[in-house]
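In what follows, a structure is listed as structure tokens, so that the remarks can point back to it.
Chain letters run A, B, ... following the sequence lines, proteins first, then strands; residues in each count from 1.
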2 protein chains.
Amino acid sequence: MGKDTRTALLDSAERAARAKGIDGFSYADLAEEVGIRKASIHYHFPTKADLSVAMMQRYAETFLTLCKDIEATNATGAARLLVLIGKYRDAIGNGRSLCLCVALSGTRDSLPPETINVIRGFRAQMIDWLRDSFALGRQDGSIHNPADPREEAAACLSLLEGAQLAARAEENAAAFDGALSALKKRLG
Amino acid sequence: MGKDTRTALLDSAERAARAKGIDGFSYADLAEEVGIRKASIHYHFPTKADLSVAMMQRYAETFLTLCKDIEATNATGAARLLVLIGKYRDAIGNGRSLCLCVALSGTRDSLPPETINVIRGFRAQMIDWLRDSFALGRQDGSIHNPADPREEAAACLSLLEGAQLAARAEENAAAFDGALSALKKRLG
DNA sequence: GTCTATACGCAGATAGAC
DNA sequence: GTCTATCTGCGTATAGAC
């Protein structure tokens with residue numbers, strides 16, 4: 001048995017949204033990729049707004065679980081941050097894709113309030129995680145020239161998201177690397 | 001006499017694109033705001049692709065002229081960078097708007113190749129300008145903990161663009177300030 | 001759960017009068 | 001240059017059979 005239809009739809013929608021934005025794909029696109037009729041999608045997600053909520057919720061959960069894993073398997077602040085940077089880089093492929101949070105934030109007006117709330121919650125948790133990692137790195141001495149962890153965290157998230165946008169604009173992952181190289185040097 | 005129709009259309013389109021993305025407004029929206037019929041817009045911009053090119057070209061010219069002005073009126077690297085940061089902050093309003101480059105990069109797939117080229121050129125010139133400013137700041141001692149100017153420039157552009165995205169996600173300009181505070185401290 | 005059929009609106013775009 | 005009128009396609013969404 002393959003994965004259930006709902007999961008297949010979420011997978012397809014997430015890939016499309018990260019590549020083309022929430023307005024860049026239609027139920028017709030999902031229908032073709034998943035192999036059902038577009039009307040059937042409404043059984044799982046009555047409206048596209050519902051779909052965007054479910055998509056973003058799943059994304060946030062998955063990503064925050066990933067952050068826990070990084071903590072569990074990396075001892076220093078610098079090591080944790082480097083792994084996270086790698087995850088953001090993986091997300092862009094060859095400059096054709098974005099983290100779902102970045103992809104959806106750009107077209108905020110096409111989203112229902114509930115989806116925006118999930119995005120806000122996700123961002124807040126990411127900043128907390130980053131703040132803890134920068135704080136740890138300052139304590140354990142793994143970060144050069146450490147500054148205030150809270151400020152570093154906010155700057156880091158924007159840098160990661162902006163770098164993804166840069167890679168997309170250039171359609172080249174090297175733009176991401178260029179934007180991150182200065183920070184990576186501080187991480188050792 | 002008011003401004004000519006073409007300029008009014010570009011103004012309206014730019015505002016809409018920065019607030020809602022290139023797919024977030026229609027010729028009908030422009031028609032209503034400018035006060036002509038939507039069919040008439042096609043006389044000035046036959047297709048929406050043509051409009052996106054003209055819009056981004058004008059934006060790039062205006063912004064790069066602004067950068068020249070900043071050079072002419074600010075002596076140190078840090079001072080120049082601080083003024084530029086202020087311009088990016090002004091662009092977001094109350095978290096409802098983005099720099100046109102950020103707004104369009106997010107939905108790359110909806111743009112013709114020509115517009116993408118203009119975006120690429122604009123980004124390249126911005127990075128050059130930033131690199132020169134960071135290099136100057138290193139020479140004149142106005143930047144704390146200076147690193148390689150080329151790397152700083154790439155990081156700075158991504159940080160500025162990512163911070164705009166953050167402000168939009170939170171619909172709050174404070175998110176921009178939070179992301180920039182660490183850098184601003186280095187600029188004195 | 002998935003289908004066929006269909007409604008309804010809006011998008012970008014064109015033709016031709018004035 | 002701007003208008004009215006119109007075209008065509010695609011978007012989300014619904015009704016009801018199977």
Side-chain angles (χ1 to χ4, degrees), chain A residues 1-56 58 103-104 106-116, chain B residues 1-56 58 103-104 106-116:
Chain A
M1 73 280 187
K3 51 194 173 187
D4 62 291
T5 305
R6 189 190 147 91
T7 302
L9 285 168
L10 282 175
D11 290 346
S12 180
E14 181 180 323
R15 214 172 322 123
R18 288 171 50 182
K20 302 192 272 187
I22 191 75
D23 295 325
F25 72 95
S26 67
Y27 273 28
D29 298 326
L30 303 186
E32 190 179 10
E33 196 172 318
V34 172
I36 59 175
R37 294 292 167 160
K38 63 177 180 167
S40 309
I41 303 176
H42 290 278
Y43 169 78
H44 300 278
F45 305 103
T47 70
K48 206 176 176 182
D50 296 321
L51 172 60
S52 77
V53 175
M55 203 167 52
M56 190 61 215
R58 190 183 71 156
L104 296 189
T107 53
R108 218 195 111 97
D109 287 18
S110 301
L111 303 173
E114 201 176 337
T115 306
I116 294 174
Chain B
M1 71 281 185
K3 50 195 173 185
D4 62 292
T5 305
R6 188 189 147 91
T7 302
L9 285 169
L10 283 174
D11 290 346
S12 180
E14 181 180 322
R15 214 172 321 124
R18 287 172 51 183
K20 301 192 272 185
I22 191 74
D23 295 324
F25 71 95
S26 68
Y27 271 29
D29 298 327
L30 302 186
E32 189 179 11
E33 195 173 320
V34 172
I36 59 175
R37 295 290 167 164
K38 64 174 180 165
S40 308
I41 302 175
H42 290 277
Y43 169 80
H44 300 278
F45 305 102
T47 70
K48 206 177 177 182
D50 295 321
L51 172 59
S52 76
V53 175
M55 203 168 50
M56 189 62 213
R58 190 182 71 155
L104 296 189
T107 52
R108 217 196 111 98
D109 287 18
S110 301
L111 303 172
E114 200 176 338
T115 305
I116 294 173

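- Between B/Y27 atom OH and C/dT14 atom C1' there is a gap of 13 Å when expressed in whole angstrom units.
- A straight line from CD1 of B/I22 to P of C/dA11 spans 14 Å, rounded to a whole angstrom.
- Distances shorter than 4.0 Å separate some side-chain N or O of A/S40 from OP1 or OP2 on C/dC3.
- Put simply, NZ on B/K38 is 14 Å from P on D/dC7, counting in whole angstrom units.
- Looking at A/K3 and A/D11, a side-chain N of the basic residue comes within less than 4.0 Å of a carboxylate O on the acidic one, giving a salt bridge.
- At the heavy-atom level, A/Y43 lies under 4.0 Å from base atoms of the strands shown.
- Neither OP1 nor OP2 of D/dG1 sits under 4.0 Å from any side-chain N or O of B/H42.
- Note: CZ (B/R37) to P (C/dC18) measures 18 Å, nearest angstrom.
- Within the structure, every side-chain polar atom (N or O) of B/S26 is placed at least 4.0 Å from both OP1 and OP2 of C/dC10.
- In this structure, the CD atom of A/E32 is 12 Å from the P atom of D/dC10, given to the nearest Å.
- Within the 4.0 angstrom heavy-atom criterion, only backbone atoms of the sugar-phosphate kind lie near B/F25; the bases stay farther away.
- As rounded to whole Å, 11 Å separates atom P of C/dA13 from atom CD1 of B/I41.
- Contact check, B/T5 against D/dT2: a side-chain N or O comes under 4.0 Å of OP1 or OP2.
- A salt bridge links B/E14 to B/R58: one of the charged nitrogens lies within less than 4.0 Å of a carboxylate oxygen.
- A/F45 places its CZ atom 12 Å from the P atom of C/dT2, with the value rounded to the nearest Å.
- Ranking C/dT2, C/dA15, C/dC3 by closeness to the A/H44 side chain, first place goes to C/dT2.
- Across every non-hydrogen atom of A/P46 and A/H42, the tightest pair is O-ND1, 2.8 Å.
- Judged by closest nucleotide on DNA chain C, A/I36 is the one of A/I36 and B/A49 placed further toward the 5' end.
- Remark: C1' of D/dG11 and CG of A/L30 are 13 Å apart, rounded to the nearest angstrom.
- Contact between B/A54 and B/F45 at its shortest, heavy atoms only, is CB-CE2, 3.7 Å.
- Remark: side-chain polar atoms of A/S12 are not paired, donor with acceptor, to backbone N or O of A/L9 under 3.5 angstrom.
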